[in-house]
Amino acid sequence: MAEMGIYEAMKTLRAVRRLRPDPIPDEVLHRVLEAATWAPSGGNRQPWRIVVVKDPPRKQRLGALYTEQWNEYVKRYTTMPSDTPQPARERAGRTVRAGNYLAAHFHEAPVIAVFCFDPTVLAVTDAKLGRIPVVGGGSIYPAVQNLLL
């Protein structure tokens with residue numbers, strides 16, 4: 001398999017909502033998972049784990065959970081103010097159609113990688129500020145991005 005440069009990977013990474021059902025060879029899956037482990041995290045703790053889901057019934061259940069959340073999220077696109085410009089309405093329509101497609105076909109992905117974390121070991125420096133802390137994600141997001149790239 002040809003290697004892609006990091007800048008090309010960053011430049012061409014897209015949010016994909018039409019997943020290919022093609023099998024992922026184990027060696028590719030292992031390489032992708034290993035890339036996630038190279039990511040930095042606060043205090044070098046790597047407070048996350050990746051659960052790899054290949055089992056069809058479990059993928060169906062994850063798809064149902066995704067669909068439930070998507071249906072709540074998408075309501076904001078269907079209740080746009082009447083003065084919303086047409087181009088914005090069209091973009092929203094494309095987003096809704098793509099998201100609906102993903103919700104309907106989520107379970108067809110050959111592998112679903114579920115990132116889990118233990119919030120008690122996150123290096124969260126803004127936990128006592130009286131709002132939802134945002135720093136903790138900085139220990140997880142780089143691993144997710146590495147996996148995606």
Side-chain angles (χ1 to χ4, degrees), residues 1-78 87-88 90-149:
M1 174 179 241
E3 293 292 322
M4 176 186 289
I6 188 67
Y7 291 108
E8 184 66 17
M10 288 187 289
K11 183 172 97 176
T12 59
L13 179 64
R14 298 287 178 260
V16 177
R17 293 178 183 90
R18 293 202 182 246
L19 305 173
R20 291 172 40 181
D22 306 2
I24 298 174
D26 283 342
E27 72 239 15
V28 172
L29 181 58
H30 288 282
R31 192 171 70 228
V32 167
L33 293 170
E34 182 181 35
T37 69
W38 298 334
S41 65
N44 198 28
R45 294 180 179 176
Q46 284 77 34
W48 46 265
R49 298 294 179 265
I50 305 170
V51 177
V52 173
V53 182
K54 293 182 177 182
D55 180 60
R58 288 190 171 112
K59 291 191 303 180
Q60 287 276 358
R61 180 65 183 128
L62 287 171
L65 291 170
Y66 177 86
T67 299
E68 183 180 316
Q69 294 304 308
W70 168 252
N71 288 338
E72 280 302 308
Y73 174 79
V74 79
K75 287 178 183 176
R76 70 181 227 181
Y77 285 101
T78 58
E90 290 170 6
R91 278 192 308 276
R94 286 191 300 273
T95 297
V96 169
R97 287 188 299 278
N100 287 344
Y101 183 90
L102 177 58
H105 297 273
F106 190 92
H107 66 283
E108 294 173 8
V111 175
I112 297 172
V114 180
F115 276 77
C116 305
F117 67 93
D118 180 350
T120 64
V121 296
L122 285 176
V124 180
T125 58
D126 63 345
K128 295 183 175 110
L129 294 180
R131 59 167 169 72
I132 296 173
V134 295
V135 173
S139 288
I140 300 161
Y141 305 146
V144 173
Q145 183 163 352
N146 277 12
L147 181 129
L148 292 172
L149 290 172

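The figures here come from the full heavy-atom set of this structure, side chains too, leaving out hydrogens, waters and symmetry mates. Please read these numbers as outputs of a predicted model, since none were measured by experiment. For this chain, numbers begin at 1 and follow the sequence in order.
For the pair W70/L102, no side-chain contact is recorded, criterion being any heavy-atom separation below 4.5 Å from C-beta on. Between V144 and W48 the shortest side-chain heavy-atom distance does not fall below 4.5 Å.
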Residues K54, L29; criterion side chain to side chain contact (heavy atoms under 4.5 Å, CB included); working and verdict: CA-CA 11 Å; K54 293 182 177 182; L29 181 58; 3.7 Å; yes
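Of the possible polar contacts, none joining the D118 side chain to the P47 backbone as a donor-acceptor pair under 3.5 Å is found. Checking side-chain atoms of K59 against main-chain N and O of A109 turns up a donor-acceptor pair under 3.5 Å. For the pair R31 (side chain) and E27 (backbone), a donor-acceptor distance under 3.5 Å is absent.
With hydrogens and angles left out, the side-chain atoms of Q69 and N71 include no donor and acceptor closer than 3.5 Å.
In this structure, the separation between OH on Y141 and CZ on F115 is 12.5 Å, given to the nearest 0.5 Å. A distance of 6.0 Å separates CG of L62 from CZ of F106, quoted to the nearest 0.5 Å. Note: N100 CG to R97 CZ = 9.5 Å, rounded to the nearest 0.5 Å.
In terms of heavy-atom proximity, P142 sits nearest to G138 at CD-O, 3.2 Å. Taking both residues in full, the closest heavy atoms of A39 and Q46 are given as O-NE2, 3.5 Å, listed atom of the first, atom of the second, then distance. Here the shortest heavy-atom pairing between S41 and S139 reads CB-O, 3.6 Å. Contact record, L147 with A36: CB-CB, 4.1 Å, taken as the closest heavy-atom pair. In terms of heavy atoms, A103 sits closest to T67 at O-OG1, 3.2 Å. Across all their heavy atoms, A35 and N146 have their closest contact at O-ND2, 2.9 Å.
Electrostatic pairing of K11 and E8 counts as a salt bridge here, judged by a charged N lying under 4.0 Å from a carboxylate O. Salt-bridge check for D55 with R61: failed, with every basic side-chain N at 4.0 Å or more from each acidic carboxylate O.
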